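Step one of this worksheet: look at the structure below.
Reminder, nothing fancy here: chain letters follow the sequence lines and each chain counts from 1. Treat the numbers as computed from the prediction; the structure is a model and nothing was measured.
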There are 2 protein chains.
Amino acid sequence: MTIKDIAKESGYAVSTVSRALNNHPDVSAEAKERIAQVVARYGFVPNSNARQLKQQQSSNIVLIVKGISNLFFSGIVEQMQNLISSNGYSAVVHYLSEEADEVLVAGQLCREHKPLGLLFLGGNAENFERRFGQIETPSVLVTAPGKNLDFPNLSSVGIDDVAAGREAVDYLFAKGHQKIGIIGGRLCRSQISQLRFEGCRQSFLNHGQELREEYFQIASFSYAGGYRAMQELMLRCPAISAVFCMSDIMAVGAIRAAQDAGKRVPQDVSVIGFDGIELGRYFCPRLATIQQPQGELAQISVELLVSHIEKNTPVRAVPVQVRLLEGESVRAL
Amino acid sequence: MTIKDIAKESGYAVSTVSRALNNHPDVSAEAKERIAQVVARYGFVPNSNARQLKQQQSSNIVLIVKGISNLFFSGIVEQMQNLISSNGYSAVVHYLSEEADEVLVAGQLCREHKPLGLLFLGGNAENFERRFGQIETPSVLVTAPGKNLDFPNLSSVGIDDVAAGREAVDYLFAKGHQKIGIIGGRLCRSQISQLRFEGCRQSFLNHGQELREEYFQIASFSYAGGYRAMQELMLRCPAISAVFCMSDIMAVGAIRAAQDAGKRVPQDVSVIGFDGIELGRYFCPRLATIQQPQGELAQISVELLVSHIEKNTPVRAVPVQVRLLEGESVRAL
DNA sequence: CTGAAAGCGCTTACAG
DNA sequence: CTGAAAGCGCTTACAG
């Protein structure tokens with residue numbers, strides 16, 4: 001069943017059928033009607049490969065997501081998909097491992113599939129600096145620091161990771177904690193870890209302390225990563241009374257490790273996470289966390305992208321605000 | 001940059017370039033070499049729209065997933081993506097809401113994109129009975145009851161939901177519980193809920209009880225759904241000492257509701273979940289649950305699909321086994 | 001408002 | 001082993 005069959009069946013030429021199918025203005029009401037009937041009768045759907053080949057682009061917006069098991073991202077992806085559909089485009093999700101070079105992959109995807117736009121969830125500024133210049137597709141970098149990235153087709157939306165990291169540790173100091181541990185990603189490999197760590201350092205300085213190396217423990221962004229890191233930290237620095245984890249998932253793992261070591265949270269040790277995923281509000285104890293605004297992130301990114309695609313509006317770097325959720329996992333000393 | 005440019009640059013005809021690109025046997029080593037160099041120099045990637053249009057099909061295997069926030073599915077999706085890539089195909093994930101008709105959407109996707117194969121994660125037998133006949137693409141129905149579905153291009157892989165539901169409740173009886181509540185999906189709309197419920201009913205009968213209607217509470221498959229359902233249940237049947245939730249996510253919500261009502265889990269009320277997601281092993285208390293074998297489900301489904309595509313092996317209905325994880329959320333009375 | 005025709009970038013018989 | 005040519009199913013100037 002092709003457009004040719006529809007043409008034959010309806011008595012119109014293929015060009016007219018094509019125009020009717022695409023809602024072009026100059027098609028008579030009668031032609032529209034008759035063609036619609038035939039289309040409906042056969043449940044015809046145009047072959048998108050042919051259409052896209054001809055048009056030299058698809059109607060797809062590709063989401064490039066680093067880490068499928070990232071609960072924080074999956075909440076955003078869900079909302080983005082809805083927004084993209086309601087704008088008349090199709091969302092295609094492409095998952096990458098944490099280590100993959102998202103910009104390299106994006107370049108290949110563009111040549112292969114000619115998407116209309118790209119949404120990067122997570123990503124490293126270094127990769128963008130190195131090879132984003134080759135990509136001409138309108139893009140938005142979401143929840144990754146896009147500062148200093150100056151490309152005519154790259155917007156960014158995200159929080160201030162330094163300020164957010166500082167806020168987390170400030171909160172622990174405000175609650176009277178003095179021995180504060182940090183669990184986060186490898187600084188040389190994860191830019192957000194680096195920035196949040198810098199925020200921690202500032203908070204320590206502001207409170208008259210220096211952030212000693214042994215108080216920081218590297219972990220992968222997973223339950224198991226948080227678990228092992230907390231074990232290490234408790235062993236190495238048993239005096240620690242509070243820990244800041246750079247993701248809620250890590251915080252869940254860390255809390256479990258504390259409990260398995262016979263410590264209660266928050267009575268014996270306090271934990272604050274980062275992201276504000278839904279799980280945190282059901283976990284026991286409810287997670288204290290720095291919440292990123294998922295809804296805003298999704299909405300602003302899609303808006304920026306769509307208006308760039310449709311109206312060629314200039315790119316922007318839009319900051320969004322975090323919010324401290326107190327939860328139940330931090331106690332005042 | 002097209003195959004034509006590569007042809008010009010390398011001095012060969014487009015047909016030779018195409019053959020070289022696709023690793024066809026009868027291309028001279030020299031031609032292969034020279035063409036590969038040009039391809040590498042320009043970072044050329046063939047336009048997949050053109051290729052797929054010509055070949056009348058893509059190299060895509062489409063995953064149709066009901067519910068993006070379904071943690072149980074996302075674990076499987078991750079593994080499937082790896083397996084699909086390592087078999088030389090590309091995985092495309094398409095998320096649907098719980099209410100969508102997956103078979104209707106699949107039909108459209110097939111006409112539009114001509115995928116090589118379809119993997120359904122979740123789905124309702126009724127939808128398949130009604131319109132799967134129109135789909136000719138090799139397919140596998142994963143983790144949804146495919147019994148009695150007799151199509152020459154539909155395999156299925158999944159657990160025995162009746163037996164699994166029975167096992168969950170049997171376990172609670174074995175631990176001495178007598179007043180047992182059930183939280184699950186709407187029976188008329190969710191087939192797995194129906195089957196698991198039937199298993200519960202059998203367990204009750206085997207233990208000389210009848211499963212009374214008020215002991216069952218409908219919920220959506222979410223944290224919030226489990227939370228509200230547990231509130232209802234505690235209000236309506238305060239004598240209940242144990243609850244079986246038809247998903248781990250629901251169980252997390254239910255436990256939180258119990259604790260917010262001042263009850264400890266498992267001391268005051270026991271909870272067992274279903275699925276065996278990673279979170280359950282870090283939640284406090286560790287979740288008792290009926291674990292579905294994610295790895296096996298992913299592996300067997302992809303194997304069935306690929307061998308059907310490549311060697312036209314006949315379809316099969318493969319059962320997999322669940323495993324009871326005791327966790328810490330159920331106590332013996 | 002409608003139709004005939006060119007062409008998007010590939011693949012693949014067919015001929016040599 | 002290589003090349004010239006047809007054609008996949010669409011869209012879109014162009015002509016009328």
Side-chain angles (χ1 to χ4, degrees), chain A residues 1-39 42-60 88 90 108-116, chain B residues 1-39 42-60 88 90 108-116 136-137:
Chain A
M1 180 99 299
T2 73
I3 200 177
K4 222 166 144 185
D5 301 310
I6 303 289
K8 201 176 298 173
E9 199 77 11
S10 66
Y12 286 92
V14 288
S15 41
T16 305
V17 173
S18 171
R19 279 187 289 259
L21 247 26
N22 292 289
N23 288 317
H24 282 216
D26 28 346
V27 180
S28 68
E30 197 197 328
K32 265 187 200 154
E33 175 57 23
R34 288 226 323 257
I35 290 166
Q37 281 181 8
V38 180
V39 167
Y42 292 100
F44 170 73
V45 185
N47 180 312
S48 67
N49 288 132
R51 163 179 278 167
Q52 290 170 23
L53 171 59
K54 184 62 201 171
Q55 295 189 147
Q56 295 290 62
Q57 60 168 15
S58 66
S59 64
N60 289 343
S90 340
Q108 300 200 337
L109 279 173
C110 287
R111 276 171 292 191
E112 259 189 79
H113 298 289
K114 318 281 182 195
L116 271 185
Chain B
M1 181 98 296
T2 72
I3 200 177
K4 220 167 145 185
D5 302 310
I6 303 290
K8 202 177 299 172
E9 198 77 13
S10 67
Y12 286 91
V14 288
S15 41
T16 304
V17 174
S18 170
R19 279 188 288 260
L21 247 27
N22 292 289
N23 289 317
H24 281 216
D26 26 347
V27 181
S28 68
E30 196 198 330
K32 266 188 200 153
E33 176 56 24
R34 289 229 317 262
I35 290 167
Q37 281 180 8
V38 180
V39 166
Y42 292 100
F44 170 72
V45 184
N47 180 312
S48 66
N49 289 132
R51 163 178 277 168
Q52 289 170 24
L53 172 59
K54 184 61 199 170
Q55 295 190 145
Q56 295 290 64
Q57 60 168 16
S58 66
S59 64
N60 290 341
S90 342
Q108 300 199 338
L109 280 173
C110 287
R111 275 170 292 190
E112 259 189 80
H113 297 289
K114 317 279 182 197
L116 271 184
E136 295 175 357
T137 309

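No donor-acceptor pair closer than 3.5 Å links the side chain of Arg34(A) to the backbone N or O of Gly11(A). Without hydrogens or angle criteria, Asn47(A) side chain to Asn49(A) main chain gives a donor-acceptor distance under 3.5 Å.
Between the P atom of dC1(D) and the CD atom of Glu30(B) lies a distance of 12 Å, rounded to the nearest Å. Taking atom OH on Tyr12(B) and atom C1' on dC1(D), their separation rounds to 9 Å, with Å as the unit. In this entry the distance linking CD of Glu112(B) with C1' of dC10(D) reads 13 Å, nearest Å.
Nucleotides of DNA chain D nearest to Gly11(B) and Leu53(B) differ in position, and the one nearer the 5' end is that of Gly11(B).
Within the 4.0 angstrom heavy-atom criterion, base atoms lie near Asp26(A).
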Candidate pair Met1(B) and Ile6(B), rule side-chain contact (heavy atoms from CB on, under 4.5 Å), full reasoning:
CA-CA 8 Å; Met1(B) 181 98 296; Ile6(B) 303 290; 4.3 Å; yes
Between Arg111(B) and Tyr42(A), does a side-chain contact (heavy atoms from CB on, under 4.5 Å) hold up when you go through it step by step?
CA-CA 11 Å; Arg111(B) 275 170 292 190; Tyr42(A) 292 100; over 6 Å; no
Bracket string, DNA chain D, 5' to 3' - pairs by Watson-Crick or G-U geometry under 3.5 Å, | interstrand:
|||.||||||||.|||
Reading nucleotides 11-16 of chain C from 5' to 3' and marking B where a protein heavy atom lies under 4.0 Å of the base, S where only the sugar-phosphate is that close, and - otherwise, the string is BBB---
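Identified under the salt bridge (Lys or Arg N to Asp or Glu O under 4.0 Å) test for residues 1-28 of chain B, with sequence neighbours left out: Glu9(B)-Arg41(B).
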